Undergrad: 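The structure that follows is given in the form of structure tokens.
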Amino acid sequence: MVEDSEDPSEETQYHIDVGPEDVASSVLLPGNPERVEKITAHWKDAEEQGSHREYRTVTGSYEEVPISVTSTGIGSPSAAIAVEELARVGADTFIRVGSCGAIQEGMAVGDLVITTGAVRQEGTSGEYVREDYPASADHEVVCALVAAAERLGYDYHTGITMSADSFYAGQGRPGFEGFEASGSDDLVEALREANVKNIEMEASAILTIANVYGLRAGAVCSVYANRITGEFRTEGESRAAETASLAVALLARMDEVKEREGVEKWHAGLSLD
């Protein structure tokens, strides 16, 4: 073996630079490495475990529950690498914590969008499974995110997300010198009429890969822009971070209740109080 080969079977994962003892079972997945501190600001403690390329991993605790965060960079290909390598070192629950563009009226900048499923308008998940395989969020993760947003008093929306592979042409925006991709002029309107709530770039791949591997995954994004009203502000990052962190604590409680009651899945008939 070449000494510096990119062998994905090595215990310390090549791209994310962490091993089995470095991450908790639940990992938050922001895109921007700079968002890591905004997430860990809500935690009791935090220690960096690895930093390589766009991947920065920190592990700590929130409400006494172990939790990790790994930044994934922009787009589904790099997010898929993070999920792959984190799963190999023991993670089994993933929550994307990102930003998005809302495409429905009544969704304000700073609101949260909790994804229940996603339109797979990215190519990464298609390399794992056939195109008609659904990108669905785990129902326990969705419930935990909704409960967290409710407890924190944050405005939120639930529904279908569209994940694109490009920020400009793939999201119906003009490219360089006004270039318009085929179909871009009616893309947002078609999605809006189908009751899709928001557009971003990673959720569908994360959800699809997690489902293929039997892992839990979900997504919560703060609305930075409303494509209908034209409003844009970088707002709501802290709300998404706190909601996802509390969701991890609630998921841990759900797991305790399931074990106590002898059931495999948490449901509405079980109490978290």
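The residues of the chain are indexed from 1 along the displayed sequence. Computed from a predicted model, the values in this text were never measured in an experiment.
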Undergrad: I need the Trp43 CH2 to Ser245 OG distance, nearest 0.5 Å.
TA: 6.0 Å

Undergrad: Below 4.0 angstrom, N of the basic side chain to O of the carboxylate: do Glu140 and Arg216 qualify?
TA: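 Salt bridge flag = yes for Arg216 with Glu140.
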
Undergrad: Do the non-hydrogen side-chain atoms of Asp17 and Thr12 ever get within less than 4.5 Å of each other?
TA: yes

Undergrad: Please find the pair of heavy atoms, one from Thr72 and one from Ser78, that lie closest to each other, and give the distance.
TA: O-OG, 2.6 Å

Undergrad: Give me the one residue out of Val188, Asn195, Leu187 that meets side chain to side chain contact (heavy atoms under 4.5 Å, CB included) with Leu191.
TA: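 For Leu191, the side chain to side chain contact (heavy atoms under 4.5 Å, CB included) check succeeds only for Leu187.
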
Undergrad: Can you see whether Glu200 engages Ser163 through a side-chain donor-acceptor pair at a distance of less than 3.5 angstrom?
TA: yes

Undergrad: Do the side chains of Arg239 and Glu235 get close enough for a salt bridge, i.e. N-O under 4.0 angstrom?
TA: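 Salt bridge present between Arg239 and Glu235.
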
Undergrad: Please check: side-chain N/O of Glu150 versus main-chain N/O of Gly153, any donor-acceptor pairing under 3.5 Å?
TA: no

Undergrad: Can you give me the closest heavy-atom contact between Glu189 and Arg192, atom names plus distance?
TA: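 Closest approach of Glu189 to Arg192: OE2-NH2, 3.0 Å.
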
Undergrad: Quick one: hydrophobic cluster around Phe176, which other residues, with the 4.5 Å side-chain cut-off, linked directly or via members?
TA: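 Answer for Phe176: none, a lone residue.
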
Undergrad: Less than 4.0 Å between a side-chain N and a carboxylate O, is that true for Arg88 and Glu84?
TA: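 Answer for the salt bridge query: yes.
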
Undergrad: Would you verify whether the NZ or CZ of Arg173 falls within 45 degrees of the ring axis of Phe167 while also being under 6.0 Å from that six-membered ring's centre?
TA: yes

Undergrad: Count the heavy atoms of every other residue, nucleotide or ligand shown that sit under 6.0 Å from CD1 of Ile74, and state whether that count exceeds 12.
TA: no

Undergrad: Quick one: do Glu105 and Arg227 make a salt bridge, cutoff under 4.0 Å?
TA: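 Salt bridge: no.
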
Undergrad: Go through the structure and list residues passing ring pair (Phe, Tyr, Trp, His ring centres under 6.0 Å) with His139, not counting sequence neighbours.
TA: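 For His139 there are no ring pair (Phe, Tyr, Trp, His ring centres under 6.0 Å) partners, ignoring immediate neighbours.
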
Undergrad: Run Glu237 and Tyr224 through side chain to side chain donor-acceptor pair (under 3.5 Å) and show every step you take.
TA: CA-CA 9 Å; Glu237 275 187 323; Tyr224 274 15; 3.0 Å; yes

Undergrad: Give a yes or no on this: more than 12 heavy atoms of other residues, nucleotides or ligands lie within 6.0 Å of atom CZ of Arg130.
TA: no

